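Working notes, beginning with the structure itself.
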Amino acid sequence: MTRRHEAQDWTALPVPPSLLGESPFWHPDEAALYWVDIPGHALHRWVPAREAHTHWPLPSEPGCCAPRPGGGLLLACRDGLWHFDTETGARRALAAPPYDPARQRFNDGKADPQGRFWVGALDDARQPVAALYRWADGQLESLVGGIAVSNGLAFSPDGRTMYRSDTGSHRIHVCDFDGSDGSRSRERVFAEFAPKVPGQDLALYGGRPDGAAVDAEGAYWTSMFEGQRVLRFAPTGELLAELPLPVRCATMPCFGGPDLRTLYLTTARAGRPAEELAAQPLAGCVLSLRVDVPGLPVNFAK
Ligand SMILES: O=C1O[C@H](CS(=O)(=O)O)[C@@H](O)[C@H](O)[C@H]1O
């Protein structure tokens with residue numbers, strides 16, 4: 001049984017808000033939280049034990065990041081995949097963008113338990129023309145097409161189930177995953193949400209599925225962009241909990257802290273109406289909340 005949480009239970013990290021925070025992950029070797037600010041062209045790190053914040057400006061919008069086994073990060077930016085050295089701040093090219101960077105950019109990405117990096121793109125015009133890619137053995141391969149905003153990547157505790165969402169279509173998908181060769185099969189809809197009706201009062205709109213994380217019980221946590229809530233689903237698709245938020249736009253949860261029981265959540269303020277920002281001063285902040293069930297540790301990208 002998990003506790004009920006209220007919007008006021010969330011705490012903001014004491015760092016300036018991001019325009020559009022995304023891709024938080026807890027680095028177990030550094031006891032640090034990393035995330036990116038996409039339109040802010042920056043990578044951020046917060047070390048709670050030292051209350052130390054580091055910020056690296058980047059030349060191209062970063063969609064997501066993941067730790068690498070030998071140190072440093074994999075960064076997926078509009079201009080391709082890069083190895084990022086957090087000691088020197090240098091970027092080394094790994095792969096060119098597989099799309100037209102004038103129209104698309106990388107968005108959400110996660111490593112699978114074997115270290116392949118799965119990364120999806122979004123179309124700037126939100127047309128369903130972007131794809132989900134797998135980066136393995138130095139090759140970037142397109143595996144799923146017809147996506148508007150690729151998001152929500154996560155793997156089950158046994159590594160045999162893969163989740164992804166398309167924020168644009170308001171759907172979360174699930175499929176069987178074979179870690180031996182990185183193949184996917186039997187994709188089906190895991191959850192589907194009502195689209196926004198033009199002119200609808202936002203208080204009546206539940207939001208669209210954005211970034212996600214899985215906990216040690218196999219529950220899938222999704223942030224609902226514009227829905228002012230985070231949802232926790234059982235692996236069966238049953239809705240287990242709804243966590244209200246003090247901000248309208250949550251973008252991705254992750255589990256951190258030494259016990260992986262601190263739920264961190266990136267949020268957005270870019271493009272939001274002035275009256276909403278005045279009422280929700282934590283918009284863009286990384287929020288945190290202690291939870292009962294620990295999350296899965298981050299997978300490293302080879
Ligand atoms: O840029 C982004 O925006 C989307 C939300 S939306 O497509 O504008 O509705 C968000 O889901 C995505 O993760 C983020 O990178």
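The structure displayed is predicted, hence computed values, not measured ones. Counting starts at 1 for both ligands and their atoms, following the listed order.
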At less than 4.0 angstrom from any non-hydrogen atom of [X], what atoms of ligand 1 do you find?
{"X": "R208", "result": "9 (O)"}
{"X": "E22", "result": "12 (C), 13 (O), 14 (C), 15 (O)"}
{"X": "N151", "result": "10 (C), 11 (O), 12 (C), 13 (O)"}
{"X": "I38", "result": "15 (O)"}
{"X": "N107", "result": "12 (C), 13 (O), 14 (C), 15 (O)"}

Atom 7 (O) of ligand 1: the protein heavy-atom neighbour that sits closest, reported with distance to 0.1 Å: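 Answer, as residue, atom name and distance: R126 NE, 2.8 Å.
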Could you verify whether a donor N or O on one side chain and an acceptor N or O on the other, from [X] and [Y], lie under 3.5 Å apart?
{"X": "T86", "Y": "R45", "value": "no"}
{"X": "H83", "Y": "R68", "value": "yes"}
{"X": "D210", "Y": "S223", "value": "no"}

Please step through side chain to side chain donor-acceptor pair (under 3.5 Å) for the pair S288 and T11, ending with a clear verdict. CA-CA 5 Å; S288 74; T11 308; 4.7 Å; no
Nearest-option assignment for atom 11 (O) of ligand 1, heavy atoms, candidates D210, D123, D166, T167: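 Of the listed residues, D210 has the closest heavy atom.
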Out of curiosity, is [X] lining ligand 1, as in a heavy atom under 4.0 Å away?
{"X": "T251", "result": "no"}
{"X": "R105", "result": "yes"}
{"X": "D108", "result": "no"}

Specify whether H53 and H44 have parallel, tilted or perpendicular ring planes, treating 30° as the upper limit for parallel and 60° as the lower limit for perpendicular.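 Taking H44 first and then H53, their aromatic rings lie parallel (interplane angle under 30°).
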Once you measure the plane-to-plane angle for F106 and Y133, does it fall in the parallel (<30°), tilted (30-60°) or perpendicular (>60°) bin?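 F106 vs Y133 ring planes: perpendicular.
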Kindly give the heavy-atom pair with the smallest separation between W46 and P14, and that separation in Å.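 Scanning both residues completely, I find the closest heavy atoms to be CH2-CG, 3.6 Å.
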